[in-house]
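Treat the numbers as computed from the prediction; the structure is a model and nothing was measured. Lettering of chains follows the sequences in order, A, B, ..., and the numbering in each one begins at 1. Computed over heavy atoms, backbone and side chain alike; hydrogens, waters and symmetry mates excluded.
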There are 2 protein chains.
Amino acid sequence: MNKAERLFQLTNLLRGRRTAITARTLAEKLNVSERTIYRDIQALELSGIPIEGEAGIGYRIRHNFELPPLMFNRSEIIALLLGSRMVQAWSDKELAGAASRAIEKINAILPDDLKALAEQQTLLVPDYFVNSKQSDISQAVRKAIENKQRIYLTYNRADGEYSERILDPLGMVYWGGKWTLIAWCHLRENYREFRIDRINSASPSDEYFQTSEQHSLDHYISLITYPAETDYS
Amino acid sequence: MNKAERLFQLTNLLRGRRTAITARTLAEKLNVSERTIYRDIQALELSGIPIEGEAGIGYRIRHNFELPPLMFNRSEIIALLLGSRMVQAWSDKELAGAASRAIEKINAILPDDLKALAEQQTLLVPDYFVNSKQSDISQAVRKAIENKQRIYLTYNRADGEYSERILDPLGMVYWGGKWTLIAWCHLRENYREFRIDRINSASPSDEYFQTSEQHSLDHYISLITYPAETDYS
DNA sequence: TACTCTGCTGACAACTGTTGTCAGTAGAGT
DNA sequence: ACTCTACTGACAACAGTTGTCAGCAGAGTA
């Protein structure tokens, strides 16, 4: 096997696991000597890959490390840039930050002609309707969904009344302009939707929930039917 | 210089230009012999890079070739996936197609834990309000903007009247739910906005326009002030 | 047609980088 | 103390890369 290819395999072997792996194991898997593995690891570290080696334990790759490289062509890059700008404008601070960093990385490799097109910004995404409180709540809710964490919500109902709920948050939907939380409501014992912009506070609890056949986003989606067309004018 | 690095430089040299470049020039730039360049080119072709060599002319890289590889970390990938889903749902067919291809490429390299998160689709983007005719018009308009091509537009005014215009299309804006075309209107001798969903037809002409200080998207943007907050309920 | 420019290939020797082996040090856990 | 493992240096064997030379082929030009 080629050296370059072996280095690539090596990152894959390290990336795929959470526990440490010894140089000997890697050497056996790649059919080379341990010495070569040590040299390869050094090479990878030199090129910036954060591998942690501990005597007596083995090698581990730092989590949240960059994924394998991706190649996009010109039209895909345009779409990714536009999409990132949308995320920048219409999601919580954390996602928006990630989108910004992605945009920077993309900009760094654009050839001149595409850079001109990107700077021209002929596809604009105004961000004027994101407000800071909404962004924080949206982020808290998103985290709770990811962690399957039960949350306590206070919000203003459409009729102006104040209300509070204990919810199992299942997912968020962006309906052309507004984010909406879909959750299992313990008060109503049923699915409910909550517009993020009407939420006053969202506090994650210590309790975790589990999704099931009759209690999941998929199940909720199977219950509703999207209207064929909706007028947003 | 390392061979791997030289191959990388080589693709960059080829990618940056539209005219052909000879092996001799490449050899001089990279400080190696022509023979080595020929071997390198062969290596690149073997790994799938579409380089065209013609005797008496030189080398050219096929346009729309994939850009240099990009490395994203986990949070950036999540943002890119969400953004791509937004583009898939809310733009014209061509961009949406590019977004789909980008999503496929991303999915192909996701580690298991992220794949689960992506499949879970906790951030949904409903696409029910894209209709096919709008998508075609939006695409035609976008192309005209890119090419700086004058267009002939027919549309339904808000008051129900039919109207037609000759326009220099400058950009498109997505205002939380609707795409809007910003253009220089030759009838009014001023900037005008046109909602894409009210456009009946858009035909590019043979004429091309040039943007200038007083006749550009930047200038238009400098004229308006975004409202601090808008109610989309 | 002859000539030039350039891509492209093969052979080979000089050179450079890579690998395995061996030998040894150092840190962490038992 | 003992084991496991990371890590380093030296060196010889080996593999891959490079430059040189020589020659063929196609495209364009005088």
Side-chain angles (χ1 to χ4, degrees), chain A residues 1-66 68-69 71 111, chain B residues 1-66 68-69 71 111:
Chain A
M1 195 189 324
N2 194 355
K3 181 179 187 181
E5 201 184 329
R6 196 181 57 236
L7 291 177
F8 182 70
Q9 293 291 339
L10 205 44
T11 60
N12 282 348
L13 282 173
L14 287 167
R15 191 161 18 226
R17 54 179 26 250
R18 288 174 163 264
T19 57
I21 185 168
T22 65
R24 185 200 240 118
T25 316
L26 290 169
E28 280 165 11
K29 290 208 188 211
L30 297 173
N31 274 316
V32 289
S33 70
E34 286 182 51
R35 186 67 185 87
T36 301
I37 294 296
Y38 288 123
R39 279 192 278 243
D40 285 355
I41 296 274
Q42 198 174 35
L44 290 175
E45 282 175 336
L46 275 177
S47 50
I49 293 175
I51 295 172
E52 285 162 4
E54 250 185 293
I57 313 258
Y59 288 105
R60 222 187 271 112
I61 203 164
R62 211 177 59 214
H63 204 60
N64 196 25
F65 172 59
E66 325 243 330
M71 308 258 294
Chain B
M1 196 188 326
N2 193 354
K3 181 179 186 182
E5 200 183 331
R6 196 179 58 236
L7 290 177
F8 182 71
Q9 293 290 338
L10 205 45
T11 59
N12 282 348
L13 283 172
L14 286 167
R15 190 161 19 227
R17 52 178 30 249
R18 289 174 163 265
T19 56
I21 185 168
T22 66
R24 185 200 238 117
T25 316
L26 291 170
E28 279 164 13
K29 292 207 187 212
L30 297 173
N31 274 315
V32 289
S33 70
E34 286 183 52
R35 186 65 184 86
T36 301
I37 295 295
Y38 288 123
R39 279 193 275 244
D40 285 354
I41 296 275
Q42 198 174 36
L44 290 175
E45 282 175 335
L46 275 177
S47 50
I49 294 175
I51 296 172
E52 284 163 4
E54 249 184 296
I57 311 261
Y59 288 105
R60 223 187 272 112
I61 203 163
R62 211 177 58 214
H63 204 60
N64 197 25
F65 172 61
E66 322 242 331
M71 309 258 293

Next item on the list: For each nucleotide in nucleotides 20-30 of chain D, reading 5' to 3', give B when a protein heavy atom comes within less than 4.0 Å of its base, S when such contact involves only the sugar-phosphate, and - otherwise.
Entry: B-----BS---
What is the separation between atom [atom1] on [X] and atom [atom2] on [N], rounded to the nearest whole Å?
X	N	atom1	atom2	result
A:Arg24	D:dC4	CZ	P	8 Å
B:Ile37	C:dT9	CD1	C1'	16 Å
B:Glu5	D:dT17	CD	P	16 Å
B:Lys3	C:dC15	NZ	C1'	15 Å
B:Leu26	C:dG7	CG	C1'	12 Å
A:Glu52	C:dA28	CD	C1'	15 Å
B:Leu46	D:dT17	CG	C1'	16 Å
A:Asp40	D:dT8	CG	P	14 Å

Check: Want to settle it: does B:Thr22 or B:Asn2 sit nearer the 5' end of DNA chain C, counting the closest nucleotide to each?
Finding: B:Thr22
Check: Any chance CZ of B:Arg60 has more than 12 other-residue heavy atoms, nucleotides or ligands included, within less than 6.0 Å?
Finding: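 Not buried by this count: 12 neighbours or fewer within 6.0 Å.
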Notebook entry, point to check: Is any side-chain heavy atom of A:Leu10 closer than 4.5 Å to a side-chain heavy atom of A:Arg6?
Noted result: no
Checklist line | Out of D:dG19, D:dT17, C:dT9, whichever nucleotide has its closest atom nearest the side chain of B:Tyr38 | finding: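 My answer, after comparing the listed nucleotides, is C:dT9.
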Next item on the list: Counting heavy atoms from C-beta on, name the nucleotide in D:dC7, C:dG20, D:dT5 closest to the side chain of A:Tyr59.
Entry: D:dC7
Note to self: When you measure from the side-chain N and O atoms of A:Gln42 to the phosphate of D:dA6, is any distance below 4.0 Å, counting only OP1 and OP2?
What the structure shows: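 False: A:Gln42 side-chain N/O out of range (4.0 Å or more) of D:dA6 OP1/OP2.
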Note to self: What's the separation between atom CD1 in A:Ile21 and atom CG in A:Leu26, rounded to the nearest 0.5 Å?
What the structure shows: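 These two atoms lie 4.0 Å from each other.
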Check: What is the distance from atom CG of B:Leu44 to atom CD1 of B:Ile49, rounded to the nearest 0.5 Å?
Finding: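 One gets 4.5 Å once the value is rounded to the nearest 0.5 Å.
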Next item on the list: Carefully, step by step, assess A:Lys3 and A:Asp40 under the rule side-chain contact (heavy atoms from CB on, under 4.5 Å).
Entry: CA-CA 9 Å; A:Lys3 181 179 187 181; A:Asp40 285 355; 3.8 Å; yes
Notebook entry, point to check: Which atoms form the tightest heavy-atom contact between B:Ala23 and B:Tyr59, and what is the distance?
Noted result: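 Scanning both residues completely, I find the closest heavy atoms to be CB-CE1, 4.0 Å.
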Next item on the list: Verify side-chain contact (heavy atoms from CB on, under 4.5 Å) between A:Thr11 and A:Leu7, making sure each step is shown before the conclusion.
Entry: CA-CA 6 Å; A:Thr11 60; A:Leu7 291 177; 5.9 Å; no
